[in-house]
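Whatever order the structure lists ligands and atoms in, that order sets their numbers, starting from 1.
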Amino acid sequence: MLKSFWFWLVILLIAIQPFSLNVQAKLNSNPNEELQAPTEVLNLLKRSCYDCHSSEVKAPWYYNVAPVSWYTQRNVKQAREIINFSKWNTYDKEKQLKVLEKIPKAIVIRMPKKAYLYLHEEVTLTAEDKKLLSVWAKKLREELN
Ligand code: HEC
């Protein structure tokens with residue numbers, strides 16, 4: 001019984017592979033559209049946020065394997081709809097302000113996502129990182145206003 005369960009699971013996993021999605025399939029990244037920010041801020045965003053909120057998703061191979069790819073693809077798509085730091089300069093001022101306003105709260109409560117941190121513990125934001133990002137977001141908001 002158990003044996004046949006694993007057998008069918010493997011068959012199922014193989015059967016769904018043609019429906020895998022390539023998470024890394026790039027949206028074209030244009031350097032002129034990227035967010036400009038102080039190096040420390042940019043490094044932090046790249047380390048902890050770019051895997052979802054950018055056009056430069058660095059995906060390990062298993063991200064592209066169904067069913068994981070269905071989940072990651074959806075997640076990344078949703079994340080980019082809200083913020084894509086690689087497209088920052090294409091946003092109007094209103095949208096930039098809206099995003100900047102949300103960042104400080106989001107990083108305290110739930111960003112990066114828990115499920116993601118489970119696999120990438122090293123990108124957890126420290127209290128210091130959060131402060132740096134919040135101060136940057138606040139300052140940029142004031143400059144834009
Ligand atoms: C594993 C993917 C992932 C990572 C990494 C990630 N996010 Fe997100 N983020 C999402 C998704 C998906 C959403 C939209 C759904 C939601 O709000 O849960 C989102 C939403 C947001 C929002 C909007 C929240 C709101 O209240 O509307 C902000 C702001 C945000 N992310 C900032 C960040 C920042 C800053 C980082 C890095 C420190 C980060 N995210 C890292 C996936 C991610």
Side-chain angles (χ1 to χ4, degrees), residues 5-6 8-145:
F5 169 76
W6 291 112
W8 286 112
L9 185 66
V10 169
I11 295 291
L12 179 69
L13 283 174
I14 292 171
I16 62 179
Q17 288 320 304
F19 306 100
S20 283
L21 299 160
N22 188 348
V23 181
Q24 236 162 343
K26 293 272 168 59
L27 309 170
N28 283 334
S29 207
N30 176 345
N32 294 331
E33 296 175 349
E34 274 172 34
L35 171 74
Q36 313 290 318
T39 320
E40 322 88 84
V41 171
L42 210 54
N43 284 347
L44 258 185
L45 294 174
K46 286 197 170 163
R47 191 197 71 188
S48 297
C49 318
Y50 267 46
D51 265 0
C52 301
H53 293 288
S54 86
S55 307
E56 300 166 36
V57 175
K58 287 193 211 75
W61 63 269
Y62 57 81
Y63 273 31
N64 294 322
V65 177
V68 180
S69 70
W70 299 340
Y71 173 76
T72 47
Q73 177 84 7
R74 210 177 113 241
N75 218 14
V76 169
K77 190 164 168 270
Q78 273 182 356
R80 280 178 187 155
E81 269 163 20
I82 294 175
I83 317 171
N84 183 343
F85 288 114
S86 308
K87 297 249 170 244
W88 184 259
N89 292 334
T90 66
Y91 295 162
D92 58 19
K93 200 167 115 181
E94 206 176 316
K95 161 107 180 172
Q96 292 183 347
L97 284 169
K98 208 168 118 199
V99 168
L100 289 169
E101 193 184 338
K102 281 182 176 173
I103 287 178
K105 198 168 151 209
I107 56 180
V108 171
I109 306 177
R110 57 202 185 89
M111 286 292 141
K113 294 231 163 220
K114 275 223 176 64
Y116 175 77
L117 287 177
Y118 187 69
L119 291 169
H120 306 265
E121 208 183 339
E122 72 286 355
V123 311
T124 309
L125 297 174
T126 64
E128 233 166 83
D129 296 341
K130 288 180 188 170
K131 187 143 179 246
L132 185 78
L133 284 182
S134 296
V135 170
W136 163 76
K138 193 163 165 243
K139 197 163 150 250
L140 188 53
R141 258 175 81 200
E142 283 165 7
E143 282 172 20
L144 287 171
N145 257 321

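- Here Glu94 does not pair with Lys98 in a salt bridge; the nearest charged N to carboxylate O distance is not below 4.0 Å.
- Within the sub-2.8 Å shell of atom 8 (Fe) of ligand 1, the protein contributes these N/O/S atoms: His53 NE2, Met111 SD.
- Every atom of ligand 1 with a heavy atom of Leu125 under 4.0 Å away is listed here by number and element: 38 (C).
- Among residues two or more places apart in sequence or in another chain, the side-chain contact (heavy atoms from CB on, under 4.5 Å) test is passed with Glu142 by Lys138.
- When the options Lys114, Lys102, Lys98 are ranked by their closest heavy atom to atom 27 (O) of ligand 1, first place goes to Lys102.
- Close approach of ligand 1 to Ile107 is summarised as follows: ligand atoms under 4.0 Å from at least one heavy atom of the residue are 35 (C), 38 (C).
- Using bins of under 30°, 30° to 60° and over 60° for the plane-to-plane angle, the ring pair His53/Phe85 lands in the perpendicular bin.
- Cation-pi geometry between Lys113 and Tyr116 is not satisfied (NZ or CZ under 6.0 Å from the ring centre, within 45° of the ring normal).
- A side-chain donor from one of Asp129 and Thr126 sits under 3.5 Å from a side-chain acceptor of the other.
- Of all protein heavy atoms, the one closest to atom 5 (C) of ligand 1 is Ser48 O, 3.3 Å.
- When only non-hydrogen protein atoms are considered, atom 12 (C) of ligand 1 lies nearest to Asn75 OD1, 3.1 Å.
- Side-chain atoms of Asn84 and Ser55 include a donor-acceptor pair closer than 3.5 Å.
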